[in-house]
Amino acid sequence: MVILSEWLAAQLDKESAEPAYRQLLQLMQQAILTGRLAPGSKLPSSRTLAGDLGVARNTVLHVYDQLSAEGYVISTTGSGTYVADTRPDSAAVSTPTPASAPADDDDDASGASPRGDMSMRGQRLIDEAGVSARQWGAFMPGVPDVAEFPARTWSRLQARLWKSANHGLLTYAPGGGYRPLRRALSDYLRVARSVRCTPDQIIITTGIHQSIDLAVRLLADVGDRAWVEEPCYWGARSVLQSSGLKLAPIPVDDEGLNPREQDLRDPPRIALVTPSHQYPLGMVMSLARRRTLLEYARQHKVWIIEDDYDSEFRYGSRPLASLQGLDESDRVIYVGSLGKLLFPGLRIGYMVVPERLAATFRTGVAELYREGQLMQQAVLAEFIMDGYLTSHVRRMRTLYGERRQLLIDAVTRHFGDALPVMGDEAGLHFVLGLPDHADDRAVAAAAYDAGVIVRPLAAYYSQRQERKGLLTGYACVPHEEIEPAFATLAQVIEEHTFAKPKKLRRAG
Ligand SMILES: Cc1ncc(COP(=O)(O)O)c(C=O)c1O
């Protein structure tokens, strides 16, 4: 015991801001856990230890009480305080290792690599992750101009709502989301997207990622097949894949999804499509293909997930109607997001499910993710009902349309018609085509180093890359920054794409 007192005295720092009680407690816990104080050994009396350490006896008494309450020691009236035996029962924790158990040879020698800790699907998710550390700046695809968001209006609505905050807005919120928001969204979607729905069919989520995740968990089993467009959004692919679905990439052409004979012979459980604006190539699924897909889904009981992520932004024509609006057989789960319309960090999205599944999805969303954020949803509901969503989208459509044109002008100035701009006049990005011999990943990496963000088309293919190109976003780039940023990108493209950095044909 003398040794214990000496050790404690050497460790205690009387000058420290940490109270002596807390220091002593932690030191004794450490001594017991590491075996310095062996199970069964008797602790000195509180009076003796207090004297040895020069602390108040009450301090030691408190420490002993706490150690006893947490099970480190056992106090027996009259006979003293003993260290409890809390060593793990070796029989209970060791599992027989099957002779065939694979060695952990994925771990590197330092133990720094987590690979051996991960599931196969977790490992795949991380290996193929596409998320970028930078989410802002020229020419970040898929990001709206958050600087244009009417923040003062939002904050005024928010301040007003907080004044009347009540338990209904502040507790967990099972039920598919804030009812007035679901009503406002169903009115909006009926008019703006020709979606057939009632407020009951709307489920509020944190965005398209979560909507897809929920749909897959409720409608498919591990090992089921899912069609994805080839190429497609890597984020949606990751969600499906990590839920244990087997992905079947289906080619797209100018009319959208174009399944081959062999694809049709093996119907999937889920088909994830972007009919109004194929992501990332930008074409629209033709009416004939829409009808064929809906009929195929009806016959083979396929669930179609329609990802309608940015359809409000069409510059040459009116927004196109949704696929869901044509569906007579209740096979479409429609998913959308406020991220591109307002600001991505809002993390509010919605799904429209067939009426007979509405109650199931309401329970599912509450059970899996514990809904909340009703206050944000209430602000959004007012924002929509007061007409701010429609006017903001209208204003952004004009702004982004101008930026798109400025960027096309810059492409033409630098490259003439040598590099095609692919995709309909819509959305927040286009694909700048590169020659077949180009390495679009290398170009994107070099552009990133030069301060310009573009994404290589390669990242969106899961099998054979049909075309080379760069996803180039214009929505979040102020007009005056477009030409200088593109000049930087053009320089990188010239250096990486054309064997000798030769002078390219210039417009005019
Ligand atoms: C096609 C597509 N779907 C969905 C998303 C993400 O949606 P959310 O942010 O609502 O999860 C993106 C984001 O870029 C996208 O491009």
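Ligands are counted one by one from 1 in listed order, and the atoms in each one are counted from 1 as well.
Qualifying ring-ring contact (aromatic ring centres under 6.0 Å, His included) partners for Y388, counting only residues two or more places apart in sequence or in other chains: F383.
Residue-level contacts of ligand 1 at the 4.0 Å heavy-atom threshold are G207, I208, H209, Y233, Y279, D307, Y309, S337, K340, R347.
Between Y400 and H429, the gap from one ring centroid to the other reaches at least 6.0 Å.
Side chain of Y315 to backbone of G427: a donor-acceptor contact under 3.5 angstrom is found.
Geometrically, R404 does not engage F430 in a cation-pi contact, judged by NZ or CZ lying under 6.0 Å from the ring centre and within 45° of the ring axis. A cation-pi arrangement, defined by a distance under 6.0 Å to the six-membered ring centre and an angle within 45 degrees of its axis, is absent between R403 and Y474.
Between H300 and Y296, the ring planes lie tilted relative to each other; the angle falls in the 30° to 60° range.
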